[in-house]
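Everything on this sheet refers to the single structure shown next.
So that the names make sense, note that chain A is the first sequence line, chain B the second, and so on, each numbered from 1. All heavy atoms count here, side chains included; hydrogens, waters and symmetry mates do not.
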Amino acid sequence: MSSFDDMDAFEGASLSARAMAARPAPYLDDLNEAQRAAVEQLDGPVLMLAGAGTGKTKALTARIVHLLVSGRARPNEILSVTFTNKAAREMKTRVGRMLGQQIEGMPWLGTFHAICVKLLRRHAELVGLKSNFTILDTDDQLRLLKQLIAANNIDEKRWPARQLLGLIDQWKNRAWVPSKVPASEASAYNHRGTELYEQYQARLRELNACDFGDLLLHMVTIFQAHPDVLEQYQRWFRYILVDEYQDTNVAQYLWLRLLAGGHKNICCVGDDDQSIYGWRGAEVGNILRFEKDFPGAHVVRLEQNYRSTAHILAAASGVIRGNEGRLGKELWTEAEGGEKVRLIGHWDGEEEARWIGEEIESLQKGTRGIDPHSLDDMAILVRASHQMRAFEDRFLTIGLPYRVIGGPRFYERLEIRDAMAYFRLVVSPEDDLAFERIVNTPKRGLGDKAQQTIQATAREFGVTLLEGARIAIDEDRIRGKGGGQLRMLCENLARWGRMTGDKDVTHMELAEIILDESGYTTMWQNDKTPEAPGRLENLKELVKALEGFENLQGFLEHVALIMDNETEESGAKVSIMTLHAAKGLEFPVVFLPGWEDGLFPSQRSMDESGLKGLEEERRLAYVGITRAEELCTISFAGNRRVFGQWQSALPSRFIDELPEAHVEVLTPPGLYGGGYGAAAAYGGGSGIETRAAEANVYNSPGWKRLQQRSSQRPVSQPRESRTQVIDLEAVSAFEMGQRVFHQKFGYGAITGIEGDKLEIAFEKAGTKKVVARFVHAEDDVPF
DNA sequence: GCATCTAAAGCGATG
DNA sequence: CTTTAGATGC
């Protein structure tokens, strides 16, 4: 084990405390009373209950600065954990800005996982790993589990690997090693869950690998079994700060409690009303229990909101009031005036998308006393990602620029994982999982049979797959085209491996060489699907990302934890994302579509977790509303197509919880009268509102009409956009029958021209009408 | 060994 | 409806 003092992170990070103390402390001046209290109470346990938009990050960064300036701790003695890399990055820059100087050494400001990797590399041998262990992504985990399931003669059809993975994840979130899984879980996964968990852990150790859950679990295990190690860190980390404490799971909680066990200088920041990750193992209980865990804790409430109008806050408060067992907070603001929260019902999901599209266009120009807004200021927040499609389709048709936030993250993408597998294999030839992944990608004529031969050979000689492959070739066990290709792959890998030591080739050049010579780049160049250009683009991004690292090895060690889906595109765009992805963000204008019972609150959530599930959904509604600064529009549709089936739905029960005084009900032309929704059906809301709801909705002709027609496919109502800009110039470049390419739908032929829109029969996506400027001539594809 | 068809499942998402 | 994994056929 390397000595404590060797650790990079523990040295060279000092910033002269005296030099800073001499500076004035403007960071305290623009804090309000509560924020200031939270910042100045440096010693002992502190719970900062920070509502949405109350300047939480500001207080947190001021606290770090205060610790540094007051000389309580050096930058490398502060442990500061966040959940996302984005949050970590933001805190780093804000601390730097507040100090008025860039500060290199905040090595322990990062995500739980990033910090645990750093620690675990130092102590890996205590849990049977080498310090250069690899971190598996979900894909690798799943493949491993499938192998185990097959080896145990379990029918994967009846007992899917995904289920087992979910189970193991949950156990790890609760900090249960295989031997600690309680008997109550014994029946899980056909009574073989624990057994397979044990095998999985053993296999990980063989592979010198661990998964994300292990990063924390191993550290907890080490701290519990080696008090001397724990004590070192308890002493070293003089102050601990935790962001988004309501999202911590049991393993993270134990980890924190162990580290804070000595001095108890721990400050947890969170908002129980924004706990929306229960299904991922987060325990709201952690935050509710804080004062019991840390007796004498100072609890500070940040309740003054600087983000939203009073109407928006009132609406959010009205909804969240429905939850039990809250720590209790009431947001308030000095701001006056503003628009009420708007509520509108639609016939179906497409109508909803159409209306929101038009609304966005008129807000762009400014309307009814609302100033013009950039598209960057507007966001659509949906409950489930499949709701996004309706908006994408509509926005493509009317030519409204949008960006989808979330989606598959950069490093989870197929091409990135493939490329990384090549790099992994070059750096560590014993990485069998990487070998399996790329041996026949691109296609080398090595199918099941050849791969089984390699596996068998490797087992026979007790060597890695790559070594087994080499032996298999030498002994002529794999013949024909595949054999030759495999020989070439092995030789290439060996050659690239030697090049890692070559001073004349930078690791970026090497990465390019690997991708080119393996045929991987060519594979995508020859691919004619619409995704291919984007994938090549991503590979370029990947190589660019290498720049910040010393070598391939260094890059790989960090990549699983630091890669973000971050491509800065030019031009203003409206954002579309899930409510989960929206946490921590804010927008002047927010649309919240799809407020229908079953969709939101989600049926699945309620089925799985009952009242707890419903309460988490309610917090999600609270998070959604509080993202809005000026204008918040909630909508629901009477009919929606789910998995191709038309289904009718009732307005969300959360709509009844919106306080009427702060809501303006909009009535779109030609639709049933607006009004409150499902109160009667659930007995929610006040008596008056409930009766009003019955009168307005259930007995209204419009509602009855809606009910009657709900089983039929609704006729879409073509209505031209008020703000249509016809770009005939773009259309003139095309003619009937021409073959064209579209970013989203791929290749197709023009079958009609109408105004500025083209009707195109796509090869894969069917016939669609799209705006001409999103279409390229076939020979003008922007690769 | 690979391409093409067919059946079944998909609901929320960070490291 | 869409995607994807597995089976089937060539």
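Note: A:Phe237 and A:Trp108 have perpendicular aromatic rings, judged against thresholds of 30 and 60 degrees for the angle between ring planes.
In this model, the phosphate group of B:dA13 is approached by a side-chain N or O of A:Thr578 to a distance below 4.0 Å at OP1 or OP2. The shortest distance between the side-chain N/O atoms of A:Ser385 and the OP1/OP2 oxygens of B:dC11 is not below 4.0 Å. Checking the phosphate oxygens (OP1, OP2) of B:dT14, no side-chain nitrogen or oxygen of A:Asn249 falls inside 4.0 Å.
Residues A:Asp214 and A:Gln201 bring a donor and an acceptor atom of their side chains to less than 3.5 Å of each other. A donor atom on one side chain and an acceptor atom on the other are found under 3.5 Å apart for A:Arg403 and A:Ser575. Inspection of the A:Asp448 and A:Gln452 side chains reveals no N or O donor paired with an N or O acceptor under 3.5 Å. A donor-acceptor pair shorter than 3.5 Å can be found between the side chains of A:Glu392 and A:Tyr402.
For a distance-only test at 3.5 Å, the side chain of A:Arg280 fails to qualify as a donor-acceptor partner of the base of B:dG12.
With A:Asn249 contributing its side chain and A:Gly281 its backbone, the two residues share no donor-acceptor pair below 3.5 Å.
Projected onto DNA chain B by closest heavy-atom contact, A:Arg383 and A:Asp448 fall at different nucleotides, the more 5' of which corresponds to A:Asp448. For the pair A:His386 and A:Ala450, nearest-nucleotide mapping onto DNA chain B gives the more 5' position to A:Ala450.
Atom CG of A:Asn173 and atom C1' of B:dA13 are 12 Å apart (whole Å). The separation between A:Leu446 atom CG and B:dG1 atom C1' is 10 Å, rounded to whole Å. Going from atom CD of A:Glu615 over to atom P of B:dG12 covers 21 Å, rounded to whole Å. Separating the CD atom of A:Gln387 from the P atom of C:dT2 is a distance of 17 Å, rounded to the nearest angstrom. If you measure from atom CG of A:Leu216 to atom P of B:dT14, you get 17 Å, rounded to the nearest angstrom. Between the P atom of B:dC2 and the NZ atom of A:Lys443 lies a distance of 7 Å, rounded to the nearest Å. B:dG15 atom C1' lies 9 Å from atom CD1 of A:Ile135, rounded to whole Å. Between the C1' atom of B:dC11 and the CG atom of A:Leu620 lies a distance of 14 Å, rounded to the nearest Å.
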Seminar exercise, completed: Output field dot_bracket for DNA chain B (Watson-Crick or G-U, both distances under 3.5 Å, | for other-strand pairs) contains ||||||||||.....
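A:Asp137 comes within 4.0 angstrom of no nucleic acid atom, judged by non-hydrogen atoms across all strands. Counting non-hydrogen atoms under 4.0 angstrom, A:Ala581 reaches nothing in the nucleic acid. Across all strands, A:Asp247 comes closer than 4.0 Å to no nucleic acid atom at all (heavy-atom distances).
Two residues are said to be in side-chain contact when any heavy atoms from C-beta on lie closer than 4.5 Å; A:Gln252 and A:Val242 fail this criterion.
Closest to the side chain of A:Tyr277, from the set B:dA13, C:dT2, B:dG15, is B:dA13. When distances run from any side-chain atom of A:Asn440 to the nucleotides B:dC11, B:dC2, B:dG1, the shortest one goes to B:dC2.
A:Tyr277 and A:Trp279 have their aromatic ring centers within a separation under 6.0 angstrom. Ring pair A:Trp176/A:Tyr197: centre-to-centre distance not below 6.0 Å. Between A:His218 and A:Phe133, the ring center distance fails the sub-6.0 Å criterion.
Aromatic stacking of A:Trp279 on B:dG12: satisfied, with centres closer than 5.5 Å and planes within an angle under 30 degrees.
Taking a 4.0 Å limit (strictly below) on heavy-atom distances, residues 478-488 of chain A does not reach DNA chain B anywhere.
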